[in-house]
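Take a look at the structure set out below.
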Number of protein chains: 2
Amino acid sequence: MSTKRALTDRESALPALAEAFREHGFEGATLAALSKATGLGKGSLYNFFPGGKDEMMKAVLENIDGWFADAIFSPLENVSDPAAAVTAMFDDVTAYFRSGRRVCVVGCLGLNSSGETFAVEVKDYFARWISALAHCLEVAKVPPAMAMDLAEEAISGIQGAIVLARALSDDTSFQRIVHRLQSTLLDAIGRCG
Amino acid sequence: MSTKRALTDRESALPALAEAFREHGFEGATLAALSKATGLGKGSLYNFFPGGKDEMMKAVLENIDGWFADAIFSPLENVSDPAAAVTAMFDDVTAYFRSGRRVCVVGCLGLNSSGETFAVEVKDYFARWISALAHCLEVAKVPPAMAMDLAEEAISGIQGAIVLARALSDDTSFQRIVHRLQSTLLDAIGRCG
DNA sequence: ACAAGATTGTACTGATAGGTACAAGTGATC
DNA sequence: GATCACTTGTACCTATCAGTACAATCTTGT
């Protein structure tokens, strides 16, 4: 337990870092803000993340990707009951994004030039999510082309719901939109299964 | 023509300012970047926009809102042929956002805390767009509740398509998603009309 | 308890941010 | 062509940025 503690604290700072990046964006998240959010001084932050903000964001993205892999992607990829998996996915996503009050860090990074450094991570995140969902639909006997279209539409739709819910400061619009996306997928599963 | 020229030049700087804000976001758009984008020195920028970046963004938002009012909202609000109006809207939107290569400034502003200053403008933009589209659907005899839902879904879907297309650097996904949204609306118009 | 090493706050750096001041420049009007 | 309001580049201001240096402090194995 000598070198482990560093990693532990580094790991435990990630949620707070993620929240700060979510709130202010990558450019807007100053080191002062990150320090305040984590409760760590500059010294500690640079001790854990010698690469500065870039490394912090990389770590945050890895952390998010890990969470999604466990909670969202894997269940879709190793699915046995597609309808249940789709329902679970939407429940988890709604909880994760707090009905749109919480922004998608990955999606935001893609929107402006400050995120170009992380283009690969951003791309992989969405590509994996879509293909996992498409696979789940294919298991439910949805034709591959249609499965891909529906998956793309659903992931895109979730991102749009976040944008709109934030813009209108209205959780309910997120819930309505996401619920409609879920119904569309379940309908397809029901029709083809 | 003494005081007019100021307004004219101020107006003509707006597209370049908008493009810079689009590219870098509000925080990321430094005065140096804005100066370079417009070809105007700091002196000129502060001459036209004494309020600094905030006033520039306000002016850009007004300009965007004006364009949308003319090109998108009005045709929907004073519609005679709903199906044609919906088709025209999607054509215009696809061209405007360059199939997702161009980001929606308004949507982006809503996503992080730097845009809180413009919360009202952001909200109004989306609210008017949705209600204009809903009105257009109602003219096509789509029941009010369904019209509202479909409009919300379409605008949200467009925003999502931008996020996804940017993230994947893939124009075609934008086009597929938007085309599907268009079909959904035209189907509803066809069924109810 | 003690030494070795990890961790942290604080003070610093140079660069750059947004914004101001202002003198030089511009062109229309009389 | 002199005047005048408007326009513009440049130099400058203070605050804050990301990042560094390091001494002080804490942990931990022995």
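Residue numbering restarts at 1 for every chain, and letters A, B, ... go by the order of the sequence lines. FYI, side chains are in, hydrogens and waters are out, and symmetry mates aren't considered; it's all heavy atoms of this structure.
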Remaining members of hydrophobic cluster (4.5 Å side-chain criterion), B/Val120
none

Rounded off to whole Å, could you give me the [atom1]-to-[atom2] distance for the [X] and [N] pair?
| X | N | atom1 | atom2 | value |
| --- | --- | --- | --- | --- |
| A/Leu31 | D/dT16 | CG | P | 15 Å |
| B/Tyr46 | C/dG18 | OH | P | 7 Å |
| A/Lys36 | D/dC17 | NZ | P | 12 Å |
| A/Lys53 | D/dT20 | NZ | C1' | 17 Å |
| B/Leu40 | D/dC6 | CG | P | 18 Å |
| A/Leu45 | D/dT20 | CG | P | 13 Å |
| B/Asn47 | D/dA5 | CG | C1' | 11 Å |
| B/Met56 | C/dG19 | CE | P | 7 Å |

How long is the span from the SG atom in B/Cys108 to the CG atom in A/Leu111, to the nearest 0.5 Å?
4.5 Å

Could you tell me the separation between the NE2 atom of B/His135 and the CG atom of B/Leu137, rounded to the nearest 0.5 Å?
10.5 Å

Give one of base, sugar-phosphate or nothing for B/Ala29, where a contact means two heavy atoms less than 4.0 Å apart.
sugar-phosphate

Check: A/Ser113/B/Glu23 side-chain N/O donor and acceptor closer than 3.5 Å
no

Looking only at side-chain atoms of A/Lys42, point me to the closest of D/dT10, D/dC17, C/dC12.
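Of the candidates, C/dC12 comes closest.
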
Can you see if the side chain of B/Ser44 gets near the phosphate of D/dG9 - specifically, an N or O under 4.0 Å from OP1 or OP2?
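So the side-chain polar atoms of B/Ser44 do come within 4.0 Å of the phosphate oxygens OP1 or OP2 of D/dG9, strictly under.
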
